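What follows is a set of notes on a single structure, which appears directly below.
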Amino acid sequence: MNKLLQQACSQGDIQPLDLEIGLFLEKQSGGRNPELLLAAALASAAVGSGHVCLPLEQAGSLLVQKNPDRLPDPGSWRKILFATSAVGRPGETAPLILDQKSRLYLYRFFQAEQRVAKNLKTRAMAVTTVNTNKGRQLLAQLFPQQNEERINDQHIAAALALLKPLLIISGGPGTGKTWTVARILALMQAMSETPLRVGLATPTGKAAARLQESIRSAEKNMDLQTTTTTRLPQAQTLHRLLGYRPMADDFSYNADNPLHLDLLIVDEASMIDLTLMDVLLAALPSSCRL
């Protein structure tokens, strides 16, 4: 197995660090264990390729030289891995976590995924109390072409933004995502008795500039009765929003020092990696809409 991984390393399928992680965990677990060596190296390589975990049945997909006959059977592989001290089940503490669906995680990424899922689920299940009469009137101003017989997705998204602390808007280019967000911002500001603390953030600087310009453009065609005098915040990268500190490789804002926001708009969310999303949600107060 070591030879197979050495070959994969020379071909660029995995990185030297991945192999070193596998060798280290094999040594820490008491000696020669080719199945553990392979699993640990490929789990690390999967993360390097942008994945959160390694499904054991897909392990061969990371290798150009597949050698399927040299890869363990997933069922037998599970038993061998669980027999080592390096692999634990969900809820346990171990360098590697293998779940019931044979997905192998580096411990850090398993924990991050669990925290993100729990945070989003909690936000998704919550419902806020709103002044429905005022909300209905404002929605009618923002969507003058709509009525009870003809309601489109943008109208529904804006209404849901009033009721739910978490709202996900998806769609291809030109489907009106930013147009909708601009109206949600106006709606939320008009519904609030005090000026909202609003954040606009994206994963990259280029995306931040696009978001800023798109919202300003969408606001120009908005009914003046629903706009507010509140200054639109400057869109920024998530790293800047969270106060990234390169020397310490951490962030100023976290669970102990949360962001001072009532509403956060995040664009290009599909570009956010797991660890950054984990940091963002930890720093976001439970009262802040996302």
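Everything quoted here is computed from the prediction, not taken from an experiment. By convention here, the first residue in the shown sequence is residue 1.
Under a hydrophobic-cluster definition in which Ile, Leu, Val, Met, Phe, Trp and Tyr are linked whenever side-chain heavy atoms come within less than 4.5 Å, directly or via other members, Leu42 and Leu4 are assigned to the same cluster. In the hydrophobic clustering of ILVMFWY residues, with side-chain heavy atoms under 4.5 Å counting as a link, Ile156 and Val181 come out together. Note on Leu36 and Leu17: same hydrophobic cluster, where clusters join Ile, Leu, Val, Met, Phe, Trp and Tyr whose side-chain heavy atoms are under 4.5 Å apart, directly or indirectly. With hydrophobic clusters built from ILVMFWY side chains whose heavy atoms lie under 4.5 angstrom apart, Ile265 shares a cluster with Leu160. Residues Ile80 and Leu23 do not share a hydrophobic cluster, defined by chaining ILVMFWY side chains whose heavy atoms lie under 4.5 Å apart.
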Q) Where do Ile97 and Gln111 land on the side chain to side chain contact (heavy atoms under 4.5 Å, CB included) test, with the steps shown first? A) CA-CA 9 Å; Ile97 298 296; Gln111 292 295 95; over 6 Å; no

Q: Might you work through the side chain to side chain donor-acceptor pair (under 3.5 Å) test for Thr202 and Arg210, ending with a clear yes or no?
A: CA-CA 10 Å; Thr202 67; Arg210 284 200 306 266; over 6 Å; no

Q: Run the numbers on Thr132 and Val130 for side chain to side chain contact (heavy atoms under 4.5 Å, CB included), then give the verdict.
A: CA-CA 6 Å; Thr132 53; Val130 297; 4.1 Å; yes

Q. Would Leu38 and Trp77 count as a side chain to side chain contact (heavy atoms under 4.5 Å, CB included) if you check the C-alpha gap in whole Å, the side-chain angles of each, and the deciding distance to 0.1 Å?
A. CA-CA 10 Å; Leu38 178 66; Trp77 205 357; 3.7 Å; yes

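For residues 82-109, the set of pairs meeting the ring-ring contact (aromatic ring centres under 6.0 Å, His included) definition, not counting sequence neighbours, comprises Tyr105-Phe110. The salt bridge (charged side-chain N to carboxylate O under 4.0 Å, His left out) pairs that include a residue from residues 114-128 are Arg115-Asp278, where partners are two or more places apart or lie in different chains. Screening residues 239-258 for salt bridge (charged side-chain N to carboxylate O under 4.0 Å, His left out), with sequence neighbours left out, gives Arg245-Asp250.
Nearest heavy atom pair, residue Ser29 against residue Ala86, reads OG-CB, 3.3 Å. Among all heavy-atom pairs drawn from Pro258 and Tyr253, the shortest one is O-CD2, 3.6 Å. Here the closest heavy-atom approach between residue Val87 and residue Ala94 is recorded as C-CB, 3.9 Å. Nearest heavy-atom pair across Pro285 and Leu259 is CG-O, 3.1 Å. In terms of heavy-atom proximity, Leu54 sits nearest to Ala43 at CD2-N, 3.8 Å. Closest non-hydrogen pair, Glu35 versus Leu81, comes out as O-CD2, 3.9 Å.
Here the straight-line distance linking atom OG1 of Thr180 with atom CG of Asn152 works out to 7.5 Å at 0.5 Å rounding. In this structure, CG on Leu162 lies 12.0 Å from OG1 on Thr129, to the nearest 0.5 angstrom. Taking CD of Gln236 as the start and CG of Leu200 as the end, the distance is 8.5 Å to the nearest 0.5 Å. With rounding to the nearest 0.5 angstrom, the CG atom of Leu284 is 10.0 Å from the CG atom of Leu166. To the nearest 0.5 angstrom, Ser102 atom OG is 6.5 Å from Glu57 atom CD. To the nearest 0.5 Å, atom CZ of residue Arg89 and atom CG of residue Asp99 are 11.0 Å apart.
The shortest distance between side-chain heavy atoms of Thr84 and Leu96 does not fall below 4.5 Å. Side-chain contact check for Val279 versus Asn254: every heavy-atom pair is 4.5 Å or farther apart. Between Leu276 and Leu280, the closest side-chain pair of non-hydrogen atoms is not below 4.5 Å. Annotation: side chain of Gln15 is in contact with side chain of Asp18 (closest heavy-atom distance under 4.5 Å). Annotation: side chain of Ile184 is in contact with side chain of Leu167 (closest heavy-atom distance under 4.5 Å). For the pair Leu142/Leu187, a side-chain contact is recorded, criterion being any heavy-atom separation below 4.5 Å from C-beta on. Between Arg103 and Val52 the shortest side-chain heavy-atom distance does not fall below 4.5 Å. The closest side-chain heavy-atom distance from Leu196 to Met188 is below 4.5 Å.
A side chain to side chain contact (heavy atoms under 4.5 Å, CB included) with Leu37 holds for exactly one of Arg32, Lys27, Glu26; it is Glu26.
In this view, Asn131 and Asn133, Lys134, Met191 satisfy the side-chain contact (heavy atoms from CB on, under 4.5 Å) rule, not counting sequence neighbours. Residues satisfying the side-chain contact (heavy atoms from CB on, under 4.5 Å) criterion with Cys9, sequence neighbours excluded, are Ile14, Pro16. Partners of Ser214 according to the side-chain hydrogen bond (donor to acceptor under 3.5 Å, both in side chains) rule, which considers only residues two or more places apart in sequence or in another chain, do not exist here.
Looking only at distances, a side-chain donor or acceptor of Gln212 sits under 3.5 Å from a matching main-chain atom of Pro233. In this structure, the side chain of Lys177 engages the main chain of Gly171 through a donor-acceptor pair within 3.5 Å. For the pair Ser10 (side chain) and Gln7 (backbone), a donor-acceptor distance under 3.5 Å is present. No donor-acceptor distance shorter than 3.5 angstrom exists from the side chain of Lys164 to the backbone of Thr128, with no hydrogens or angles considered. At distances below 3.5 Å, at least one donor-acceptor pair connects side-chain atoms of Asn257 with backbone N or O atoms of Ser252.
Heavy-atom neighbours of Leu163 CG from other residues, nucleotides or ligands within 6.0 Å: above the threshold of 12.
Below 30°, between 30° and 60°, or above 60°: for Trp179 and Phe143 the angle between ring planes is above 60°, a perpendicular geometry.
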